Amino acid sequence: MNPTVQALLQFLQTWWVELASGFVIVAAVPLVAGYVVLVERKLMADMQARLGPMRVGPHGLLQPIADAVKLLIKEDIIPDNADKVIFWLAPVVSMTAALTSMGAIAFGPAFQVARDINVGLLFIVGVSSLGLFGIVLGGWASNSHYSIIGALRSTAQLVSYETAAGLAIVSGLLLAGSLKIHAIVDAQYQNHVWFIFLAPVAFFIYAVASIAETNRAPFDLPEAESELVAGYMTEYSGFRWALYFLGEYANMIVVGAVATTLFLGGWLRPFPNVHWLNWLDVLPALFTAAVGVYCARRAGKQPVAVQTWFMWGVAWACFAVAAILAVPLFVAPLKFVVPGLHGAFWFLLKVGGYIYLFMWLRFTLPRYRFDQLMSLGWYILIPLAIVNVFCVGLAMICETEYGWNRWVALVVTTMFTLGTALFLLHLHEKRTAAASSATGVTEQPAPQDTYAG
Amino acid sequence: MLDKVIFFFFAGVAILSAALMVTRRNAIHSAIFLITALMATAGIFLQLRAEFLFVTQIILYVGGIMVLFIFVIMLVRLDVALHQIRFRLQRLVALLVVVALGAEVSVMFWVARKIPGDGLLIRGSAPVDKLPPNTEALAKSLFSSYLLPFEIASVLLLVAMVGAVVMAKKRTDAQ
Amino acid sequence: MMPASYYLFLSLALFLIGAIGVITRRNVIVVLMSIELILNAVNINLVAFSRIFGDVAGQVFALFIIADAAAEAAVGLGIIIAFFRNRETVLADEMDLLKW
Amino acid sequence: MHDDATQKNTLLGADELVLNMGPQHPSTHGVLRVKLKLDGERVRGTECVIGYLHRGVEKIAEHRTYQQFAPYVDRMDYVAAVSNGLGYCEAVEKLMNVEAPPRARVIRTILTELQRIASHLLWLGTHALDIGALTPLFYCMREREEILKIFEKYCGARLTTHAFRIGGLQYEAYDTLEKDVERFCKDFERRVQEYVDLLTGNSIWIGRTRGVGVLSAADCIALGASGPILRASGVKWDLRRAQPYAAYDQYKFEIPVGTNGDTYDRYMVRMEEMRQSRLICLQAIENIPAGPILGKVGKVLKPPPGEIYHSIEAPKGILGYYIVSDGTTQPYRVRIRPPSFVNLQALDKMVRGHLVADVVAIIGTLDIVLGEVDR
């Protein structure tokens with residue numbers, strides 16, 4: 001065996017775990033993103049007194065697959081004299097950015113593709129910010145006036161809200177003390193508290209900024225502006241458009257994962273240190289079993305035979321997962337599996353909750369106008385984030401140097417931050433009042449007599 | 001062995017995309033190739049165990065500066081500047097100067113390789129595991145021995161921000 | 001561990017390509033991009049030697065260079081936009097206002 | 001959608017840029033083309049191009065008998081067909097100075113007020129959708145469905161109802177009409193509260209509507225705007241109170257009036273109008289007088305030669321009919337004064353100085369229906 005093959009084998013030997021989980025991510029994420037789309041449509045329907053997709057599969061469970069196939073088959077139109085290479089490249093960039101940043105996310109103490117890079121969290125944030133190029137190049141390559149305006153607007157929005165998100169993460173990192181994902185979650189375990197309670201303002205700022213960063217809910221301006229129709233995505237069709245769409249949902253998962261790791265205690269059980277609450281470990285198995293029972297009960301009522309079979313299949317899958325989660329609790333030799341599996345369950349539950357918040361906002365809130373959106377970002381969020389970083393730092397110093405109790409220090413500093421927030425809002429009110437009265441005044445010259453003209 | 005493979009891969013990508021960047025007609029294409037070149041250099045930082053610089057390069061250079069470039073290229077309608085004469089005397093002179101400089105410096109490197117002991121090119125280097133964790137070491141030295149340059153850099157950035165805003169602001173007073 | 005000469009040759013190559021870009025290209029934006037490339041070449045050298053000597057000062061300095069490159073790009077592009085708005089051109093040759 | 005005249009379209013030095021919100025557009029409520037003259041992002045002026053839905057209703061009227069023309073009237077403002085029919089029938093009755101029997105007048109009032117609620121519901125749904133709130137549309141459609149069911153039970157049609165005849169009604173009120181209307185009105189109060197919770201206090205909604213598309217009272221009068229737009233600017237003028245028709249004089253209801261005539265005030269005025277219409281319906285179904293439902297009008301209508309102008313308060317504003325008869329069975333001339341057409345004139349004055357995103361909100365708040373604008 002010549003050395004190169006030998007070296008190759010040796011390389012595969014050491015890194016096969018990473019490669020395998022890499023393939024799993026690239027395959028699983030589009031599927032998961034598809035089902036997140038289905039959940040969103042179902043939730044939206046539920047909140048709007050209607051049923052949502054019910055046709056494809058029982059309760060529309062096969063809808064994502066049907067969508068994917070449809071998008072694959074759909075005609076793939078490329079606008080003429082558009083820049084072919086970049087037109088193809090843009091959605092790919094936006095999807096790869098989301099997927100690579102998922103490489104560093106730890107879905108549980110055991111499931112992490114890149115075995116804990118030293119700059120874990122920064123890597124995730126950095127690579128996911130590259131998704132911006134997908135949008136910019138997409139807008140530019142489709143060579144239509146409206147796509148370029150849409151692309152420019154979404155870039156401006158992403159760049160300004162990334163600053164706010166970055167600063168919010170910095171204040172979270174101050175508490176955590178390290179960039180390594182495992183270290184952050186352990187810090188929350190050691191401190192016996194999730195950082196959302198220590199730095200609530202930071203979590204709020206990050207939540208708002210991450211909504212804007214994934215172009216969703218009240219900030220989904222670039223593609224929702226009525227005269228821009230679909231912003232940078234207008235000229236895309238078929239699978240290219242699907243790539244953008246999945247990129248957005250994958251980004252949502254990434255942002256949810258970062259928020260969970262940093263603020264919501266990653267894969268920690270709600271009360272990890274409290275030992276008499278250990279019965280909570282049964283919850284994951286219980287939860288999945290309940291879902292299984294629901295599917296089983298619904299299976300009987302399906303109109304078409306094949307749907308009944310499918311529902312039974314889903315029910316059995318849920319029961320199997322419940323068994324996997326429950327059995328190691330009692331069987332001694334399998335004890336080592338418990339933290340990994342349960343951690344993954346709690347992590348996914350929290351990310352699911354975070355994404356539920358995204359969706360909830362999307363169905364209830366109207367959309368910001370572009371200048372309101374930018375002024376909110378620059379006049380309120382970024383200064384507040386800076387002040388927050390300063391306050392959390394101050395609190396840490398008081399705690400270590402002057403021996404204040406940590407909670408007291410943080411409560412005081414949070415009050416101070418909220419004070420600045422109110423002050424900023426007051427300033428914002430005065431500015432918008434001044435602005436609207438200014439436009440108001442100029443608009444109404446003396447009512448000239450229309451008939452005289 | 002693995003280091004060599006990674007290094008040659010990233011170096012190759014860097015040089016190729018840099019070359020392509022310089023020769024492209026369309027500014028957006030050259031911007032994209034510059035992005036690939038920067039990502040390749042980030043890879044080389046990683047290979048040199050400088051993770052923090054790897055991430056800073058991605059966030060700041062590629063995520064920040066290149067966005068600025070692409071923004072300006074999109075704002076500045078470039079169809080005006082596309083039809084440019086390719087080859088002129090000025091290019092020939094430039095190529096000659098660069099080739100001469102390159103030859104001279106590479107000869108110097110080549111000769112220096114022969115000097116034993118702690119000549120220009122030290123063979124050995126600190127083994128990997130004894131290296132302090134990169135981010136902590138960087139932070140420690142940045143905020144202890146290099147605190148003043150750090151403050152000056154922040155002032156510089158502030159000045160640059162103000163300058164850029166003032167210059168690019170549309171002259172609204174004209175209306 | 002890799003001898004330092006690999007990194008030196010790499011940064012030299014990038015530096016030369018950047019220099020060619022600065023001198024030959026007419027479009028000012030591409031000139032600015034080539035300057036970014038040159039700065040990047042310098043960074044590789046700094047990090048390489050910081051790795052070889054095991055001292056982190058090189059990386060700190062590389063960080064400062066990135067900060068400076070950001071400032072320089074911002075101001076440079078500000079100038080280009082202002083210039084483009086008045087002169088409607090981005091070509092270096094047509095920026096001959098100071099020529100007598 | 002294409003923009004033809006983008007003279008010097010460098011986004012930097014972008015001066016006069018004409019943006020086309022073309023006929024096919026998600027938020028122009030029908031086939032209306034608005035040419036926006038933009039200065040960067042600000043709108044400097046607009047030019048509305050209409051006529052895409054012109055069917056020549058008034059010309060057709062000259063070759064139809066009075067009864068035959070009645071169904072055409074429903075197709076004008078297809079969102080509020082019942083009130084169109086009421087206006088036309090009352091105008092012809094006035095021409096023939098015939099009086100509809102009291103029972104017919106009360107049932108007409110109930111159906112017209114229900115139609116006003118339905119029209120405002122559709123307006124609220126689409127207006128909120130344009131500004132980005134996805135949910136109110138489905139809540140409004142759910143309520144509107146109840147009203148359309150009542151119409152279908154009464155006259156067999158949901159949208160173009162042709163519910164009234166000249167001289168009274170064609171169909172007797174079906175037996176559970178009172179119960180249906182009462183059931184609708186009872187839970188409608190809770191439903192309106194749902195919209196109020198979603199929108200009224202919402203800071204984004206206020207941000208998008210407060211101070212947008214301001215129209216002063218003087219401008220309203222000068223431009224001839226009518227209906228909720230006029231009342232939102234502070235002018236208390238409602239034909240149901242000023243020139244009572246049908247059975248409106250028998251019922252007590254307030255006329256909601258706004259103060260500074262912006263999109264938010266028009267929203268509040270229309271929401272209040274829905275509540276008032278609900279009160280009118282409740283009062284009306286208490287005692288629907290017995291008696292005939294059709295006045296003494298023969299099969300063949302030959303109104304005496306002459307002319308008449310009669311206007312009613314349609315959901316969008318003042319809907320006027322000017323009919324000239326030459327004694328034959330066919331009108332010599334039927335001129336219709338649609339509220340949407342007149343209100344659309346105000347678009348240019350309201351949009352000036354605003355951003356492009358506000359144009360969408362302003363078109364929504366005008367509540368125009370292109371079938372009525374183009375006729």
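Keep in mind that this is a model prediction, so the values were computed, not measured. Here is how names work: the chains are called A, B, and so on, in the same order as the sequence lines, proteins then strands, and each is numbered from 1.
- Contact annotation for Glu72(C): neither backbone nor side-chain heavy atoms come within less than 4.5 Å of a heavy atom of chain B.
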Test log, rule side-chain contact (heavy atoms from CB on, under 4.5 Å), inputs Val75(C) and Met167(B):
CA-CA 8 Å; Val75(C) 173; Met167(B) 234 163 311; 4.2 Å; yes

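- Taking CG of Leu10(C) as the reference point, atom CZ of Phe7(B) lies at 5.0 Å (rounded to 0.5 Å).
- The shortest non-hydrogen separation linking Arg51(C) to Arg49(B) is NE-CG, 3.9 Å.
- Screening residues 145-167 of chain B for ring-ring contact (aromatic ring centres under 6.0 Å, His included), with sequence neighbours left out, gives Phe143(B)-Phe150(B).
- Of all heavy-atom pairs between Leu34(B) and Glu36(C), the closest is CD2-CB, 4.4 Å.
- Options Ile17(C), Ile80(C), Ile23(C) differ in how many heavy-atom pairs under 4.5 Å they form with chain B, and the most are formed by Ile17(C).
- Phe15(C) touches chain B through its side chain: at least one heavy atom from C-beta onward sits under 4.5 Å away, while N, CA, C and O do not.
- Options Val162(B), Leu158(B), Leu157(B) differ in how many heavy-atom pairs under 4.5 Å they form with chain C, and the most are formed by Leu157(B).
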Decide yes or no on side-chain contact (heavy atoms from CB on, under 4.5 Å) for Gln59(C) and Phe52(B), but give the supporting numbers first.
CA-CA 9 Å; Gln59(C) 291 177 17; Phe52(B) 189 72; 5.9 Å; no

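- With a 4.5 Å cut-off on non-hydrogen atoms, Ile44(B) touches chain C through its side chain but not through its backbone.
- Scanning residues 59-67 of chain B against chain C with a 4.5 Å heavy-atom cutoff picks out Leu60(B), Tyr61(B), Ile65(B), Met66(B), ordered by number.
- Heavy-atom pairs under 4.5 Å with chain B peak, among Asp68(C), Val30(C), Leu14(C), at Leu14(C).
- Counting heavy-atom pairs under 4.5 Å between each of Ser141(B), Ala18(B), Ala137(B), Ala139(B) and chain C puts Ala18(B) at the top.
- In this structure, the portion of Ala13(C) lying under 4.5 Å from any heavy atom of chain B is its side chain and not its backbone.
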Between Leu53(B) and Val47(C), does the side-chain contact (heavy atoms from CB on, under 4.5 Å) criterion hold? Intermediate values first, please.
CA-CA 9 Å; Leu53(B) 265 181; Val47(C) 176; 3.3 Å; yes

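- A search for side chain to side chain contact (heavy atoms under 4.5 Å, CB included) contacts involving Ala153(B) returns Phe64(C), not counting sequence neighbours.
- For the residue pair Met33(C) and Ser30(B), the shortest heavy atom distance occurs at CE-OG, 3.8 Å.
- For the options Ala37(B), Ala50(B), Gly163(B), heavy-atom pairs under 4.5 Å to chain C are most numerous at Ala50(B).
- No more than 12 heavy atoms of other residues, nucleotides or ligands shown are found within 6.0 angstrom of CZ on Phe61(C).
- Residue contact with chain B, scored on non-hydrogen atoms closer than 4.5 Å, involves the backbone and the side chain of Ile44(C) alike.
- Identified under the ring-ring contact (aromatic ring centres under 6.0 Å, His included) test for residues 19-51 of chain B, with sequence neighbours left out: none.
- Of all the listed residues (Leu142(B), Ile152(B), Leu138(B), Leu101(B)), the one sharing the greatest number of non-hydrogen pairs under 4.5 Å with chain C is Leu138(B).
- The side-chain heavy atoms of Val72(B) and Ile29(C), taken from C-beta on, include a pair separated by under 4.5 Å.
- Heavy atoms closer than 4.5 Å to chain B are found nowhere in Ala41(C), neither backbone nor side chain.
- Contacts between Leu12(C) and chain B at a heavy-atom distance below 4.5 Å involve the side chain alone, from C-beta outward.
- In terms of heavy-atom pairs under 4.5 angstrom with chain B, the leader among Asn40(C), Leu63(C), Ile20(C), Val56(C) is Asn40(C).
- The two residues Asn27(C) and Ala27(B) have their closest heavy-atom pair at ND2-CB, 4.2 Å.
- Ring geometry, Tyr6(C) versus Phe8(B): the interplanar angle falls from 30° to 60°, so the pair is classed tilted.
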